Amino acid sequence: MLAKIQKFILYFMLIFYLAVPIFEFVFFTNNLIISNSFKEINETEIDISYKNMTNETKKIYDDFGNSYGYFHIFSILTLVILIFGISINIIMIVFVCKSVIEGAKLTVFCCQSCASAENLGSCVQNMTKYSMTNPLLIQCIISALALISKSAEMVYSKEARSRVKDEKDFSEVCEHMISNEKSIGIMIALLVIVICCTLAKYFLDKYYFNKKLIQNINIPMGINVPIS
């Protein structure tokens with residue numbers, strides 16, 4: 001029974017580990033709508049030449065651009081962090097469920113896609129190590145970094161939107177940003193769930209499942225089994 005519960009928790013967590021990066025990829029794609037809208041505004045220059053804008057309008061325009069620029073940087077950073085996380089998960093699954101050879105092939109493929117030829121060896125070694133050594137700890141760290149980056153996205157998105165909320169020329173962009181902020185909120189909630197589940201699995205294993213397993217093992221009298 002305990003083994004089934006542990007397996008269910010692992011499958012449940014695996015679904016989240018794989019689903020969160022996919023959701024982030026979809027969210028990142030939707031962000032291109034904002035970028036395109038911003039480009040349209042930039043191309044039309046809000047129906048007047050930038051050089052003819054008043055200093056106040058220029059400041060609003062520039063402040064929005066700066067804040068949105070930081071938002072976009074953190075969007076890319078979050079995506080990179082989660083892609084790294086999903087790569088670790090897939091490599092671990094292939095190593096455990098398929099074979100060591102197939103796992104090694106996949107690791108080399110991932111590293112060839114991301115690392116230079118000079119760093120290929122160390123990339124393969126590190127990816128294998130991260131995938132097979134304390135995967136829950138690695139996932140928790142990755143999710144925590146993604147949560148920090150995602151929270152920064154929310155901050156800069158709201159900051160950028162606050163700059164132009166009273167400007168009618170930015171109304172369409174603001175609507176898209178409000179919609180995307182809802183998606184950011186969902187992502188933050190998912191990351192919190194992932195972190196909580198990871199920590200819960202760690203403590204359940206350490207203080208409940210492992211102790212129950214030891215209690216249920218029938219050890220013959222006279223045999224000394226060291227437990228560390």
Side-chain angles (χ1 to χ4, degrees), residues 2-28 31 70-71 73-98 100 103-104 106-107 109-111 113-115 119 122-157 181-214 227-228:
L2 287 177
K4 290 182 179 180
I5 294 175
Q6 283 181 293
K7 187 179 290 187
F8 172 79
I9 293 174
L10 282 173
Y11 285 146
F12 179 77
M13 291 169 61
L14 181 60
I15 290 172
F16 271 98
Y17 288 156
L18 297 177
V20 169
I22 293 172
F23 184 85
E24 174 63 18
F25 179 77
V26 173
F27 169 76
F28 184 81
N31 277 344
Y70 284 115
F71 162 76
I73 289 171
F74 279 107
S75 296
I76 296 174
L77 179 61
T78 305
L79 186 64
V80 170
I81 291 171
L82 291 176
I83 287 176
F84 178 75
I86 199 173
S87 299
I88 294 293
N89 279 320
I90 294 175
I91 291 171
M92 179 184 66
I93 292 169
V94 173
F95 264 113
V96 173
C97 300
K98 188 71 175 174
V100 173
L106 181 60
T107 307
F109 174 77
C110 288
C111 288
S113 303
C114 304
N119 297 324
S122 60
C123 177
V124 172
Q125 184 178 4
N126 289 331
M127 288 287 277
T128 303
K129 176 183 176 182
Y130 294 149
S131 298
M132 303 302 295
T133 307
N134 296 324
L136 290 181
L137 175 61
I138 298 299
Q139 278 297 334
C140 195
I141 293 172
I142 290 172
S143 299
L145 291 175
L147 179 61
I148 293 171
S149 182
K150 209 67 191 171
S151 299
E153 279 184 53
M154 179 70 86
V155 170
Y156 282 111
S157 179
E181 283 168 13
K182 294 178 182 178
S183 298
I184 294 175
I186 294 174
M187 270 297 300
I188 290 174
L190 288 175
L191 287 167
V192 170
I193 291 173
V194 166
I195 293 172
C196 290
C197 286
T198 305
L199 293 175
K201 175 66 169 60
Y202 171 78
F203 286 111
L204 281 173
D205 281 347
K206 185 173 183 180
Y207 296 106
Y208 181 73
F209 290 124
N210 290 346
K211 286 187 176 181
K212 285 289 184 181
L213 180 62
I214 293 171
I227 299 174
S228 56

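What you are looking at is a predicted structure, and each value in this text was computed from that prediction instead of being measured.
- A heavy-atom distance below 4.5 Å is not found between the side chains of L137 and T198.
- Listed by first then second residue, pairs satisfying salt bridge (charged side-chain N to carboxylate O under 4.0 Å, His left out) with a partner in residues 181-194 read R161-E181, not counting sequence neighbours.
- Proximity of a side-chain donor or acceptor of S149 to a complementary backbone N or O of F74 within less than 3.5 Å is detected.
- The CD1 atom of I86 lies 4.5 Å from the CD1 atom of I90; values are rounded to the nearest 0.5 Å.
- Partner of C196 under the side-chain contact (heavy atoms from CB on, under 4.5 Å) criterion, chosen from L199, V194, V192: V192.
- Here E24 contributes atom CD and I81 contributes atom CD1; the two are 9.5 Å apart, rounded to the nearest 0.5 Å.
- E153 approaches F71 most closely through the heavy-atom pair O-CD1, 3.3 Å.
- Summarising the local packing, OH of Y70 is surrounded by 12 or fewer heavy atoms from other residues, nucleotides or ligands at distances under 6.0 Å.
- The two residues I184 and K150 come nearest to each other via the heavy atoms CG2-O, 3.7 Å.
- For the atom pair CD1 of I188 and CD1 of I193, the computed distance is 12.5 Å after rounding to the nearest 0.5 Å.
- For the pair Q139 and I195, the minimum side-chain heavy-atom distance is 4.5 Å or more.
- The disulfide bond (SG atoms under 2.5 Å apart) check on C111 picks up C123, with sequence neighbours excluded.
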What's the verdict on side-chain hydrogen bond (donor to acceptor under 3.5 Å, both in side chains) for S143 and Y17, showing C-alpha distance, side-chain angles and the deciding distance?
-> CA-CA 9 Å; S143 299; Y17 288 156; over 6 Å; no
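- Heavy-atom minimum distance, L190 versus V20: CB-CG2, 3.9 Å.
- From L191, atom CG reaches atom OG1 of T78 across 8.5 Å, with rounding to the nearest 0.5 Å.
- At a threshold of 4.5 Å between non-hydrogen side-chain atoms, the residues I83 and P21 do not count as touching.
- Distance check, rounded to the nearest 0.5 Å: CG of L82 to CG of L18 gives 11.5 Å.
- For the atom pair F27 CZ and M187 CE, the distance stands at 8.0 Å (nearest 0.5 Å).
- Considering all non-hydrogen atoms of both residues, G85 and I142 come closest at CA-CD1, 3.6 Å.
- Contacts of T107 classified as side-chain hydrogen bond (donor to acceptor under 3.5 Å, both in side chains), with partners at least two apart in sequence or in another chain: none.
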